[in-house]
Amino acid sequence: STFQEVDPEHGDEYKTNGENYNDKIAAIDKQLRDVVENGNRKELIFGDRFPFRYFADEYGLECYAAFPGCSEDTEASASTIAFLIDKVKEVESKVIEDRRHLHENPELSGQEFETQKYIMKKLEELNIPYEKVGTTSLVGHIKGGKPGKTVALRADIDALPVIEQKGVSYSSKKEGLMHACGHDGHTAMLLGAARMLTEVQNEIRGEVRLLFQEGEEIFSGAKKIVADGGMDGVDAVFGMHGMPIDIGFYDIKPGYRMAGCDTIYVKFEGVSGHGSSPHLAKDTILPAAEFVTQLNAMITKFVNSQSPL
């Protein structure tokens with residue numbers, strides 16, 4: 001009636017007030033299988049000292065974790081989650097402050113020089129070593145007190161040529177530029193994570209690498225970080241993007257998740273003619289216009305906007 005029957009090597013470690021772990025495991029196993037096989041989002045709540053490691057092995061998943069109580073040789077615990085929630089509350093005001101400063105001072109891709117200086121200042125306040133890479137990117141290093149893997153956390157830092165019309169107190173101070181894609185929030189979140197991680201640095205197993213990436217909007221920043229060695233020795237990377245879902249939730253799905261864009265070139269060839277005899281020409285304007293309207297209708301009417309096209 002205990003977890004021993006499923007995984008004997010853990011012994012009495014998972015006996016808690018006579019709870020029947022087999023029943024609990026069977027229920028969670030069903031949910032996990034649904035997540036893995038069908039990609040359905042689930043809110044899974046585990047009790048104290050629950051054997052995450054068993055499920056990682058069961059499903060052939062690779063586990064990377066940096067927090068105390070959540071590593072390859074130690075199971076995640078409710079006390080660890082409570083610890084992290086308390087830390088999040090402590091850094092929340094700083095995250096908001098950073099985000100609003102960055103929102104007020106947007107910079108275009110490849111021109112994020114003041115943004116880079118701001119991030120450098122914050123890293124120096126936290127005694128986090130870093131190096132400049134690419135043009136305006138940064139790579140910070142939080143090396144734990146115990147050996148382990150290297151996990152990278154990534155945020156993009158560039159803004160867009162968009163006119164802001166929000167009218168809030170922290171609106172963009174630069175005419176025609178705006179953090180319209182949320183990269184100010186991403187950068188502030190990563191700085192917040194850095195603040196939390198430095199407080200438990202001695203307990204970290206391995207290294208947490210902080211990637212502040214320039215030029216995401218022009219598809220160049222990641223390549224520069226890789227070329228300059230920012231990804232050398234990294235075992236796993238986690239990146240997050242703001243998304244219009246319920247506050248307090250996050251969404252993980254296999255494969256492509258966020259919207260992207262590409263360029264398609266279509267050439268319409270016609271035959272020129274005289275205005276007095278248009279019937280002898282082959283007009284390209286009308287079929288091109290029809291193509292645009294029908295293409296848009298095909299995408300919006302027949303394709304799920306949350307699915308890859």
Side-chain angles (χ1 to χ4, degrees), residues 64-71 80-107 112-134 136-159 179 182-216 221-222 224-226 228-242 250:
Y64 299 99
F67 295 108
C70 187
S71 68
T80 299
I81 303 301
F83 168 82
L84 295 178
I85 291 174
D86 288 341
K87 288 299 177 185
V88 168
K89 292 177 181 177
E90 288 179 17
V91 305
E92 181 181 13
S93 61
K94 286 291 187 181
V95 172
I96 293 172
E97 177 185 315
D98 289 338
R99 186 255 168 173
R100 291 187 175 184
H101 171 86
L102 294 166
H103 193 85
E104 288 179 328
N105 299 278
E107 294 179 295
E112 310 96 328
F113 296 103
E114 294 304 316
T115 302
Q116 184 189 55
K117 290 179 183 177
Y118 183 84
I119 298 169
M120 288 164 55
K121 178 183 176 183
K122 297 301 177 180
L123 294 178
E124 288 167 2
E125 290 174 358
L126 295 169
N127 295 316
I128 296 175
Y130 63 85
E131 62 261 5
K132 297 179 181 180
V133 295
T136 54
S137 297
L138 291 165
V139 177
H141 303 270
I142 302 177
K143 295 188 177 180
K146 304 174 184 179
K149 296 182 180 293
T150 297
V151 176
L153 305 179
R154 169 263 185 193
D156 33 22
I157 66 175
D158 52 334
H179 268 294
H183 298 184
D184 52 340
H186 301 165
T187 303
M189 289 157 58
L190 186 51
L191 287 173
R195 288 188 175 94
M196 294 172 59
L197 290 167
T198 54
E199 293 196 30
V200 294
Q201 186 166 352
N202 290 335
E203 298 299 319
I204 293 175
R205 293 166 170 80
E207 176 189 343
V208 178
R209 194 168 300 178
L210 312 174
L211 306 179
F212 295 92
Q213 177 195 323
E214 65 184 278
E216 186 271 345
K224 291 181 179 180
I225 291 177
V226 172
D228 286 351
M231 284 291 293
D232 291 354
V234 172
D235 295 290
V237 183
F238 292 88
M240 295 176 64
H241 202 294
Y250 57 87

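Everything numeric in this text was worked out from a predicted model, so none of it was measured. Along the sequence shown, the residues carry numbers beginning at 1. All heavy atoms count here, side chains included; hydrogens, waters and symmetry mates do not.
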*Tyr118 vs His101 aromatic rings, parallel, tilted or perpendicular, using cut-offs 30° and 60°?*
parallel
_Pair Val133, Glu131 - check side chain to side chain contact (heavy atoms under 4.5 Å, CB included), show working._
CA-CA 6 Å; Val133 295; Glu131 62 261 5; 4.1 Å; yes
*asked:* So which atom in Ile157 and which in Thr136 form the shortest heavy-atom distance, rounded to 0.1 Å?
replied: CD1-O, 3.8 Å
*Might you work through the side chain to side chain contact (heavy atoms under 4.5 Å, CB included) test for Thr198 and Asn127, ending with a clear yes or no?*
CA-CA 9 Å; Thr198 54; Asn127 295 316; over 6 Å; no
*asked:* Can you confirm whether Leu211 sits close enough to Leu153 that some side-chain heavy atom of one is under 4.5 Å from a side-chain heavy atom of the other?
replied: no
*For the side chain of His179 and the backbone of Pro106, is there at least one donor-acceptor N/O pair under 3.5 Å apart?*
no
*What distance do Asn105 atom CG and Asp184 atom CG have between them, rounded to the nearest 0.5 Å?*
10.5 Å
_Arg209/Asp235 ion pair, N-O < 4.0 Å_ = no
*Steps toward side chain to side chain donor-acceptor pair (under 3.5 Å) verdict (Thr115, Glu107)*: CA-CA 7 Å; Thr115 302; Glu107 294 179 295; 2.7 Å; yes
*With a 4.0 Å cut-off, would you call Glu92 and Lys89 a salt bridge?*
no
*Around Met240, counting heavy atoms of other residues, nucleotides and ligands shown, do more than 12 lie under 6.0 Å from its CE?*
no
*In Å and rounded to the nearest 0.5 Å, what is the CD1 to NZ distance from Ile128 to Lys122?*
12.0 Å
*Which distance, rounded to the nearest 0.5 Å, do you find between the NZ of Lys94 and the CE of Met196?*
15.5 Å
*Interatomic distance, Leu102 atom CG to His186 atom NE2 [nearest 0.5 angstrom]*: 12.0 Å
*asked:* Using side chain to side chain contact (heavy atoms under 4.5 Å, CB included), reason through Phe212 and Leu191 one step at a time and then give a plain yes or no.
replied: CA-CA 10 Å; Phe212 295 92; Leu191 287 173; 3.8 Å; yes
*State whether the side chain of Glu112 and the backbone N or O of Glu214 hold a donor-acceptor pair below 3.5 Å, judged by distance alone.*
no
_Working to the nearest 0.5 angstrom, can you tell me the gap between Leu210 CG and Leu190 CG?_
5.0 Å
*Are there more than 12 heavy atoms of other residues, nucleotides or ligands under 6.0 Å from atom NZ of Lys143?*
no
_Looking at Lys121 and Glu124, is there a salt bridge between them, counting it only when a charged N and a carboxylate O are closer than 4.0 Å?_
no
*Is there side-chain contact between Met231 and Val237, with at least one heavy-atom pair below 4.5 Å?*
yes
*May I ask you to check whether Ser137 and Gln213 show a side-chain donor-acceptor distance below 3.5 Å?*
no
*Distance from Asp156 atom CG to Thr187 atom OG1, nearest 0.5 Å?*
6.5 Å
*Give the minimum heavy-atom separation between Val234 and Ala152, together with the two atoms involved.*
CG1-CB, 3.9 Å
*Hey, are the side chains of Phe238 and Arg154 touching, using non-hydrogen atoms and a 4.5 Å cut-off?*
no
*Assess whether side chain to side chain contact (heavy atoms under 4.5 Å, CB included) is satisfied between Arg195 and Leu126, documenting all intermediate values.*
CA-CA 7 Å; Arg195 288 188 175 94; Leu126 295 169; 3.7 Å; yes
